[in-house]
Chemist: 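Encoded as C-alpha cells, here's the structure I'll be asking about.
Chain letters run A, B, ... following the sequence lines, proteins first and then strands; every chain starts at 1.
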Amino acid sequence: MTSEPENQNKSKHFVRQIIEEDLSKGLQREDIRTRFPPEPNGCLHIGHAKAFCLDFGMALEYGGKCNLRFDDTNPTKEDNRFVEAIKEDIRWMGFDWENREFYASDYFEKLYNYALELIENNKAYICTLSPEEFKEYRGIPGRPGKDSPHRNRPMAESLDIFKRMRNGEFAEGAYVLRAKIDMANPNLHLRDPAIYRIKHAEHIRTGKSWCIYPMYDFAHCLSDAIEGITHSLCTLEFEVHRPLYDWFIENTSIIKTLKVQPRQNEFARLNLSHTMMSKRKLQQLVEEKIVEDWDDPRMPTLSGMRRRGYTPQAIKNFCEEIGITKFNSLTQIALLEHCLRADLNKVALRRMAVFDPLLVEITNWEDGLVDWLDAINNPEDESAGTRKVPFSKHIYIEKSDFMENPPKKYFRLSPGTEVRLRYAYILKCVDVVKNADGSVEKLLCTIDTESRGGNAPDGRKIKGTIHFVSKDHALKAKVRLFDNLFTKEDLSNLGDDENFKDYLNPNSLTETEALLEPSLKEAKPQEPLQFERNAYFTLDSKSSDALVFNRTVTLKESFVK
RNA sequence: UCCCCGAUGGUGUAAUGGCAGCACAGAGGAUUUUGAUUCCUUUAGUUGGAGUUCGAGUCUCUAUCGGGGAACCA
C-alpha cells in the first residue's frame, strides 16, 4: 500500500506530516482511523471529493481504515435521498467503507448518557434563555459575555428537566442544555455553547423516538471517539471549534476508554474558478430549473461530472495535484481539465465524427462498393484493439478541413492538394462544385487506389490527416457541448446578497448535430470516447433519445491562430 | 472592536536552518496516420521592515494584506 516510489511524487502535505509524526511516536498503522462525515442534506460535489479523497486516501496510504459516517443530527434538514446519492458517489470514486457505514444517530443513546454525565459533574446546565437573550448574554468579540441566570441551577434540577425534555414534555425552544465552560473566553464558541435542543421533528433514521437532538460540537467529537477515530480532518472554518472538540472528549468518561485520543486537523476547502460550491446556491440552481437536476452535466456535483464523462481517476489525480494546505486559494479550472484530458487520453476510444459536413464524391470509386477498413481504437493503448470503418463513394468531411484559398501553413485539403483520410486512402481534390450563391456544394475528389490504409506506395509524405464518415453509413446524433457554468472567475468571494446568477454563462450548454461512424451505435453510457479532431465525449446516461452525447472536455488545438 | 489562522512565479503547491523544486497556464522547437498525445527548451517566485545565525522561505519581533469566528446549522 505504501510503495515508496509512488509516494515520491506526492506532496508531503501537513496531514501526511502529522500522521508520520504520530507513527514515529508509536501510533500503530492499523490503529489509524479517519472518517468522512457528510450531512445528508445535498449532493456531493468536487469539493467533497477533495475531502474524502483525503480521508480515505490517508487511511489507505498508511494502512488504516476510513469510516463513512452520516452526520444526521439535524432532522429538519436531512433526507434519505441524499444518503443513497452520497453512497453512490463515493462508491463510484472507488472508495470502500466496507461494513463501516455509521450514523451519528446510532449514538443518540450514548450521547444522551454523556450529556447526563456532564450535568451530574456540574459541567452542563439547563438554560431557558430565549435565543435573543442567549445571544445578548454571550457578548461580542472583544467583550466578555455574562453568566446565564440559570448557570448555577442545581444539578438535580437540570437533570430532571433534561430527562423530561427527552420525554417530550416541553415545546421546542423551551429549554436548552448548555455546557458550562467560560463566558469570558475570547473564543465565543466556548461561552457555554448549547449542546442539546428540543426538536419535535421526524428523523430520517430514528423517526419519532427522539425529540431532543445533540448539536454538532457535542456530537461530532464524541462520535469520533466512539468510533476510535485518530485523525478527524475537517475544513478551516472549524478551527475555532477545536477547543470544544477536545473539551467534550476530555470532560466525559469516554477519555478513559480511548487507546488514542482523536485529534481534529483543519485544511482549506476547495475553490475552483468559474464554478461555485455552495450547497445552498447549487440547490437554488436546481429549484429554479436553471439546470436539469443535481446531476446536470454542468454541475460541479460528482453525479453531474459523472454524467458529463469525468473519470474517477481524473478527479482523484486532481485532488492529489491541488495538495492540502491551511490557506485559501483559487484553483484554476484548467488544472482540473488537464487532469481529465490526461486520463482520457489514456483510456478514450477514438471514433470518427463530422459536426459540420461537407460532401465529397470520390469520382474514381465504384458506386455501391464499400470497403471496410481497420481502424485503431486507441493509439495510446494497444489492448483496445481495432474496429472496422466503412468507406464508400460518398463521404462527409469536416467543412473546416477544406479551404479553397488556404493560408501558408494550412495542411489539410484544398483544390489540387492531397490529404490522408484517416485509416483509408490518400485523397486529392480535383474540382469544387458550387451552389448558385457561390458556396461550396460538394467536392469532386479522387483517391490513390494504391494507398489503402493511408500509406503512399511511392513513400511520398502526406502532412495532413483528416477524418471522415461514409454518407450511407453515417449515424445522426445529438451532441451537447458544455462550457463553464459561470463567466466570473472567482465566485468564492461573492457575498450572500450578491446575485451569483448574474454571472451564469449563457453558453454553458449548446446543442448541435453530428454524423458519426456506425460503430458508435454500440457506445455505452459513461464510456470515454474521443471524436477525433474534436473533443472527448460520452453517451448520455439519462437521455431517452436514441443517441445523445455529452462533451466532456475539448482537446487542446494549437491550430487556432 | 477582540480572538484564532494564514501569506512561496500568472495559478496550484514542495523544500531536518544549508543549491528555492514540481505541476498547470504561457512562449519556442522536434516527432506524429488526431494541428491531439509524446519529447525537448524557455519565461516567471519567498508580502515589507527589523532581529537571531557562519547561513533564514523556514526561527523571533513588527507592519501590511487575506481568511475564519458572535445558529437552539453542519
Chemist: Would you indicate what A/His467 reaches in the nucleic acid, counting non-hydrogen atoms under 4.0 angstrom: base, sugar-phosphate, or nothing?
Modeler: nothing
Chemist: Check RNA chain B for consecutive Watson-Crick or G-U pairs with both distances under 3.5 Å and list the runs of at least three as stems.
Modeler: B:2-7 with B:64-69, B:10-13 with B:21-24, B:26-30 with B:38-42, B:47-51 with B:59-63
Chemist: If you look at every strand shown and take non-hydrogen atoms under 4.0 Å, does A/Lys279 touch a base, only sugar-phosphate, or nothing?
Modeler: nothing
Chemist: When we call it a touch if two heavy atoms are under 4.0 Å apart, what does A/Ile198 touch: a base, just sugar-phosphate, or nothing?
Modeler: nothing
Chemist: If you only use heavy atoms from C-beta on, which nucleotide in B/G35, B/U37, B/G69 is closest to the side chain of A/Arg412?
Modeler: B/G35
Chemist: Check every strand shown and say whether A/His220 touches a base, only sugar-phosphate, or nothing at a heavy-atom separation below 4.0 Å.
Modeler: nothing
Chemist: Determine the contact category for A/Thr325: base if any of its heavy atoms lies under 4.0 Å from a base atom, sugar-phosphate if only primed atoms, P, OP1 or OP2 are that close, otherwise nothing.
Modeler: sugar-phosphate
Chemist: Of A/Phe52, A/Trp294, A/Phe82, which meets side chain to side chain contact (heavy atoms under 4.5 Å, CB included) against A/Leu44?
Modeler: A/Phe52
Chemist: Indicate, with a heavy-atom threshold strictly under 4.0 Å, whether A/Tyr423 touches base, sugar-phosphate, or nothing.
Modeler: base
Chemist: Apply salt bridge (Lys or Arg N to Asp or Glu O under 4.0 Å) to the pair A/Arg242 and A/Glu266, showing each step before the final yes or no.
Modeler: CA-CA 9 Å; A/Arg242 198 189 324 136; A/Glu266 310 84 14; 2.7 Å; yes
Chemist: Is the phosphate of B/U32 approached by A/Lys463 (side-chain N or O, under 4.0 Å from OP1 or OP2)?
Modeler: no
Chemist: When we call it a touch if two heavy atoms are under 4.0 Å apart, what does A/Asn455 touch: a base, just sugar-phosphate, or nothing?
Modeler: base
Chemist: Under 4.0 Å, counting only non-hydrogen atoms across every strand here, what does A/Arg350 touch: a base, just sugar-phosphate, or nothing?
Modeler: base
Chemist: Pick from A/Tyr112, A/Tyr175, A/Tyr213: which one makes a side chain to side chain contact (heavy atoms under 4.5 Å, CB included) with A/Tyr196?
Modeler: A/Tyr112
Chemist: Looking at the side chain of A/Leu188, which of B/A70, B/U37, B/C72 is the nearest nucleotide?
Modeler: B/A70
